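A short write-up of the structure that comes next.
Ligands are counted one by one from 1 in listed order, and the atoms in each one are counted from 1 as well. Everything numeric here is computed off the predicted structure, so don't read it as measured data.
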Amino acid sequence: MLLTTLLALCCSTLFAQWGPAPDPFPGKTLKDAYKDYFMIGVAVNRLNVSVPEQAALVRQEFNSMTAENDMKPVSVHPAVGVWHWGAADSIADFARKNGIKLRGHCLCWHSQFADWMFTDKKGRPVKKEVFYQRLREHIHTVVNRYKDVVYAWDVVNEAIADNVRPRFVNGKLEPGTPYRESRHFQLCGDEFIAKAFEFAHEADPNALLFYNDYNECDPGKRDRIYNMVKKMQEAGVPIHGIGMQGHYNIYGPSEEDIDAAITKYAQLVKHIHITELDIRTNTEMGGQLQFSRGEQKPLAPYLQTLQDDQYNRIFKIFRKHKDVIDCVTFWNLGDRDSWLGVNNHPLLFDEQYKPKRSYYAVRDFEATSANATVKEDFVPNPLNQPGQQYPMVNSQGYARFRVVAPDAKSVIVSLGLGGRGGTVLRKDKDGVWTGTTEGPMDPGFHYYHLTIDGGVVNDPGTHNFFGSCRWESGIEIPAPDQDFYQTRMDVAHGNLQQVLFPSASTGEVKRAFVYTPPTYGKLVKGKQQRFPVLYLQHGWGENETSWPLQGCAGIIMDNLIAEGKIQPFIVVMTYGMTNDVKFGHIGEFTAKEFETVLVDELVPYIDKHFLTKPDKWNRAMAGLSMGGMETKLITLRRPEVFGYYGLLSGGQYAPEDIKDPKQVRLIFQSCGSKERPDAIMQSTEALKAAGLPAVGYISEGTAHEFLTWRRSLREMAPLLFKK
Ligand code: G3I
């Protein structure tokens, strides 16, 4: 249990992007989360309302439904006088039985239509009057059949052209038509639209009647839809609402275009429905049937992050317009049902109908500080490269990024609110990507990197720090107590040096960084003073530079010594041989090889080359995260070497681990308050109860990160080398 938690913790930065997070609000549903905003709907097929697990999910999450295909003309009225109600009825009955509202889709469309309406028995085209009779009979029959359960109808679907192309008519170049040149339009012009709405309104004067279309946020198509609906309404055609299908992708449309479209349509109608929402993980969008089905492979993490972000952003816009949007419908239940195919991963539930991270991004909007006011007191991050303004941090702990990548399709910063996969930047017209974290980051140091179109790179704005087995970018978020690790003019500074020591057991020359206090080497009463030694270990994915650099170990020591809070001592920081451990193999890690390098090669080297007090009561070992795990394994196997133990977010000792209570003078255990503080404090109480010198420390407001460990060093150091 401890080992797995430990590896999960130390790999949290690396593996955070994969796999569904545990449900932070069990039992909360989409329809509950949006009860003060709009209904949440889903397009269903017969299986979705008959297979128990799927039907349960529909009942659980949604309060509106749409028949994906089974109420379309070709499905219910495939031929003259032929009606197939079975599938449509099963969906309507499910809605009735479960008190779920039903949107009717659709009465008049160029696809999946009752094409027999255009021809007579001999296949000859009929006059539009005949076509209107047949259309009227169809609409009245279908609408009346479901009048009790359908509250809104997509009366006419996709009658507007995607693009308007000028064309030659009798050799003369004519401006293109804004209408899709469907059989309906060729027979009737745009009059069929008016007729369809009139027939539907006759059939059910209470139903809300919608014009429904896709690419509805594309400014050109938006204006053509607007002009058509305006023209129809001015002619008295009962168009009550506009259906924005919402077949989007992870790159677009932009919030600005969606916002502009809703604002424009709201000038004409009181009701806007997002009728067919899905967000595919490629660059295609729209309701057309020509699309890429994608390859059968796991979704790349950065694409998942882009999808979360796009869902998060568009729902922010939808919530903003809750006054006119009364329903948002997802076009299919799970990725397995999607018309786009499972490999486009377009929905909130995966192919096993399990909630994906996007589900939480949509449902748990209240949990985020999205509505908080961000103070515009941003200053360059202290760890920036010379002359680099960005990244910036503000007094609240928000971080703002700026990256120039004109041809990139996406730029993601791995730093962001937990469980979201990072912060997605947005490109302006000059190809500059900017973005601010959605909330304040924890105070202190954070590793991060950029993902540009799937490629992991460092932010050219900052210095690099070794973490996650690579040199990552680093950012420093202001902390209320940050003085203890600030380089101060008014204190004497010690020395940090690199040493290279021979390791016979590995056949390599290894490196360690050694901090010596300001008085090191100075004569006291004519004699060179000797010092105790703390061996301080890093975590998984880090190395011997981590404590000296992002840990600020030397600066913390200088300030503690200057404040007289500690007796000076030496700190040795070497590589813990942790990074070859693969995920899932933590159980096999014994730290045996590192024990030999540390205890049998480095300790003797340090005692030989530095002014140390070479005995266990002047030697301590401590480590963060996996370095803590190593500390526990080695101190228990080699009780003769170290007299003081420190586990920093690195697990706990149990009383029975300590064979001889006199073998140790301090057991220091710590973690951040966002980790498992109870475990630390309960363990410390148990050790104390067993008569062992245990001290526990919890760093307020931090998680498995360096400020927890900087503070832990500040708290542990004064307790070391005490009799
Ligand atoms: O029912 C036949 C079945 O008998 C046959 O064995 C099978 C083999 O091809 O085809 C089945 O018909 C399919 C039908 O879905 C029912 O599954 C059609 O081939 C297929 O083209 C049809 O696709 C539907 C598409 O509209 C048709 O245009 C999608 O499922 C449906 O999601 C999609 O939905 C449209 C909205 O109605 C309007 N907006 C765009 C949206 C996406 O195109």
Side-chain angles (χ1 to χ4, degrees), residues 41-51 54 58 64-79 82-88 90-91 102-115 138 142 150 152-162 180 182-184 193 196 209-218 221 225 241-249 253 261 272-280 282 284-294 327-349 351:
V42 62
V44 294
N45 55 42
R46 271 158 289 178
L47 292 176
N48 297 148
V49 296
S50 53
V51 175
Q54 297 172 36
V58 173
S64 177
M65 288 163 51
T66 306
E68 179 190 13
N69 287 299
D70 297 312
M71 279 188 171
K72 290 171 179 174
V74 73
S75 306
V76 295
H77 202 182
V82 177
W83 296 94
H84 291 167
W85 297 116
S90 69
I91 291 172
L102 188 60
R103 291 191 85 259
H105 177 80
C106 57
L107 297 172
C108 187
W109 185 27
H110 68 273
S111 175
Q112 291 184 295
F113 187 64
D115 293 341
H138 172 79
V142 176
V150 170
W153 277 99
D154 293 334
V155 176
V156 173
N157 202 31
E158 301 170 12
I160 295 296
D162 292 340
R180 175 189 299 276
S182 62
R183 292 179 77 173
H184 304 70
I193 298 172
L209 306 181
F210 282 75
Y211 172 75
N212 189 44
D213 214 328
Y214 62 80
N215 289 359
E216 71 288 343
C217 299
D218 161 73
K221 185 153 185 192
I225 291 169
I242 290 175
M244 301 170 63
Q245 288 188 10
H247 293 297
Y248 302 153
N249 67 45
I272 290 176
H273 284 187
I274 310 302
T275 55
E276 306 181 14
L277 183 61
D278 50 27
I279 296 179
R280 69 194 85 176
N282 62 27
E284 297 167 358
M285 65 169 75
Q288 309 89 317
L289 288 184
Q290 300 70 34
F291 56 82
S292 326
R293 284 189 167 279
C327 184
V328 174
T329 294
F330 291 90
W331 200 244
N332 299 114
L333 182 59
D335 285 348
R336 174 196 303 188
D337 307 304
S338 175
W339 68 290
L340 293 164
V342 69
N343 297 330
N344 272 306
H345 312 274
L347 297 158
L348 302 187
F349 297 97
E351 58 199 300

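Here the heavy atom of the protein found nearest to atom 43 (O) of ligand 1 is G287 O, 2.8 Å. For atom 26 (O) of ligand 1, the closest non-hydrogen atom on the protein side is K72 NZ, 3.2 Å. Remark: minimum distance from atom 18 (C) of ligand 1 to any protein heavy atom is reached at Q112 NE2, 4.9 Å. With hydrogens left out, the protein atom closest to atom 32 (O) of ligand 1 is E68 OE2, 2.5 Å, a heavy atom.
Not close to ligand 1: Q288, with no non-hydrogen atom less than 4.0 angstrom away.
When distances from atom 16 (C) of ligand 1 to the protein are checked, a heavy atom turns up under 4.0 Å. Protein heavy atoms come within 4.0 Å of atom 38 (C) of ligand 1. Put simply, atom 9 (O) of ligand 1 has no protein non-hydrogen atoms near it, under 4.0 Å away. Not a single protein heavy atom sits closer than 4.0 Å to atom 12 (O) of ligand 1.
Within the listing of ligand 1, atoms 40 (C), 41 (C) sit less than 4.0 angstrom from a heavy atom of H247.
At a 4.0 Å heavy-atom cut-off, ligand 1 touches L289 through the side chain alone. Residue-level proximity to ligand 1 for N157 is carried by the side chain, the only part with a heavy atom below 4.0 angstrom.
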Could you please spell out the steps behind the side-chain contact (heavy atoms from CB on, under 4.5 Å) verdict for F349 and Q54?
-> CA-CA 11 Å; F349 297 97; Q54 297 172 36; over 6 Å; no
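N344 and E284 share no side-chain donor-acceptor pair at under 3.5 Å.
Within the set W339, W109, Y214, the minimum heavy-atom distance to atom 28 (O) of ligand 1 is found for W109.
Close N/O approach between N69 and ligand 1 is found [any backbone or side-chain N/O within under 3.5 Å].
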